[in-house]
Amino acid sequence: MEDIRADRPVDLVTTLARARSPERPGPDTPAGSPVRPWPGPSLPIPEAGPATLDLRSLLRLSLAASDPSGRLRPTPSAGALHPVDTELVVGAGCSLPPGRYGYDPLRHRVHPTGPPPRDTPPGVTAELDVTARRTASHYGHRAWPLLLLDTGHAAAALFLAARALGTGEPEARLDGRTGTPLAVVRVPPPGGGSRAHPADSPRSPHTSGETPTPAELLARRSTPPPLPGAPSRDALRAVLATAERAAADHLLQWCAAVGPPRPGLLERAPDGTSLRRYAAGEARPTLAAWAAGQAWIADAGAVLIAHGCPTDADATQVRRAHLRAGFAVHLAHVTARRHGLAARPVGSWQQADLGAALGTAPDRDWVVHALALGTRHADEEKRT
């Protein structure tokens, strides 16, 4: 049996099947260093000059830790274990000289690791990889789906930070074709424009008319449960629209589980202007059981669900579906906050065969990721 604590699983398809099973993880193991041991001395990130890409702010808004433990960061992570490692390929027009740099999110510093490739474009390209041991230390054999989701969240955090800073249009590569790096985000310098988006790049969220502010990005946090209070249909439609637009992939479908007075699953209508029933019946208690027994989900106001990734998906499809689910849920989380909602990503799913539960063919339509939603006023009433 493979060692899930290794940097790569021997067989990602087999690993996902095991993660989806009811098998429980064993005792916790040491997580190791919270930061990859980059070679050489560390350097501060200089202030940006006129018309240069402000790498200090880009990383502060996306990946940097804001507490000594490293748990609090602008991007969520399963168990606050933060397994994603970032290497920067810096070209012209940045606040760092051209080169390759390993990023230390705890100290907000960089380690030079070598010269840039000869064809490095202006701006920065962030290559995202993971140290599996950090997440496996708590989640054991369930770690790899979470590692991929966390990488998607980190890519989205960089993407949104670039938009908030007004850089050239960022691009995220989440095609799942490579295991190293798992994802790549390219950010051109201000006024640097962008290459045409490849067919496998997530669509830019700018089409929703929402560009986040730096303050919004620094304030985003996963709301601790409970998350009571049903969101309005307008808010649900906006959150669903953001997720669908961000994922832009036939491997994933999106719906939202809601409770009384008409419990069921809702999806966006084809025209995008309304919601329609995807299935009838109360789904939240079942989702709570599937989500590692997190009972509070049964009382959440609503649960956004990304589903798909059949059992026979190959390794590329598995990576792609989970990376894009993390990316899309991250953007949906920001939209939820803009609509006054509390929100919390939910990434660990066992026996969550949604298609089979709805009476269709088994092993075709699994829950991949979710975002629990509630209303802020309900949360505030509880505290008072």
Side-chain angles (χ1 to χ4, degrees), residues 61-62 73-78 149-150 152-157 159-161 163-164 202-248 252-259 265-268 272 274-275 283-284 287 291 294 296-307 324-347 367-382:
L61 294 176
S62 57
R73 309 193 196 188
T75 179
S77 171
L149 293 173
D150 276 10
H153 277 278
F159 189 95
L160 289 177
R163 290 197 50 80
R203 296 173 189 167
S204 167
H206 78 277
T207 53
S208 67
E210 296 181 359
T211 296
T213 66
E216 282 182 295
L217 298 186
L218 289 174
R220 67 193 151 176
R221 288 287 182 266
S222 297
T223 308
L227 276 71
S232 70
R233 291 178 74 91
D234 283 345
L236 273 182
R237 181 171 52 80
V239 171
L240 278 164
T242 295
E244 290 175 359
R245 182 166 45 246
L252 294 173
Q253 299 180 64
W254 297 85
C255 63
V258 298
L265 300 178
L266 303 178
E267 64 180 3
R268 281 209 310 159
S274 61
L275 298 176
R284 293 173 301 165
L287 293 173
Q294 298 182 75
W296 62 270
I297 293 174
D299 298 315
V303 184
L304 173 74
I305 304 168
H307 53 105
R324 294 199 171 200
F327 186 96
V329 165
H330 194 96
L331 269 63
H333 191 165
V334 174
T335 295
R337 291 289 302 269
R338 283 203 159 192
H339 283 77
L341 301 179
R344 184 177 187 84
V346 182
V367 176
V368 174
H369 201 11
L371 183 69
L373 302 166
T375 55
R376 288 200 177 282
H377 68 80
D379 192 41
E380 291 165 358
E381 287 173 5
K382 186 177 187 300

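Small disclaimer: the values here were computed from a predicted structure and weren't measured. Because only heavy atoms are used, hydrogens play no part in the values below, and waters and symmetry mates are left out as well, while side chains stay in.
Closest heavy-atom contact between Val329 and Ala370: CG1-O, 4.0 Å. The shortest non-hydrogen separation linking Pro76 to Pro345 is CG-CG, 4.1 Å. For the pair Ala156 and His330, the tightest heavy-atom approach, listed with the atom from each and the gap, is CB-CB, 3.5 Å. Residues Ala246 and Leu331 come closest through the heavy atom pair CB-CD2, 3.8 Å. The two residues Ala300 and Val303 have their closest heavy-atom pair at CB-CG2, 4.3 Å. The two atoms that bring Arg284 and Gly259 nearest to each other are NH2-CA, 3.3 Å, heavy atoms only.
Atoms CG and CG, from Leu266 and Leu236 in turn, are 7.0 Å apart once rounded to the nearest 0.5 Å. In this structure, CG in Leu275 is found 11.0 Å from SG in Cys255, a value given to the nearest 0.5 Å. Here the CD atom belonging to Glu267 is positioned 11.5 Å from the CD1 atom belonging to Ile305, to the nearest 0.5 angstrom. Note that NE2 of His333 and CG of Leu160 are 11.5 Å apart. Values are rounded to the nearest 0.5 Å. With rounding to the nearest 0.5 angstrom, the CG atom of Leu341 is 11.0 Å from the CG atom of Leu304. With rounding to the nearest 0.5 angstrom, the CG atom of Asp150 is 7.0 Å from the OG1 atom of Thr75.
Residues passing the side-chain contact (heavy atoms from CB on, under 4.5 Å) test with Ala325, sequence neighbours excluded: Leu149, Leu252, Ala306, Val368, His369.
Under the 3.5 Å distance criterion, the side-chain polar atoms of Arg221 are matched with a main-chain donor or acceptor of Arg73. Arg344 places no side-chain N or O within donor-acceptor distance of the main-chain N or O of Ala372, the cut-off being under 3.5 Å. A donor-acceptor distance shorter than 3.5 angstrom exists from the side chain of Arg220 to the backbone of Leu217, with no hydrogens or angles considered.
Between Leu218 and Leu61 there is a side-chain heavy-atom pair separated by less than 4.5 Å. Using a 4.5 Å cut-off on side-chain heavy atoms (C-beta onward), Gln294 and Val346 make contact.
Screening residues 223-241 for salt bridge (charged side-chain N to carboxylate O under 4.0 Å, His left out) gives Asp234-Arg237 as the qualifying pairs, with residues at least two apart or on separate chains.
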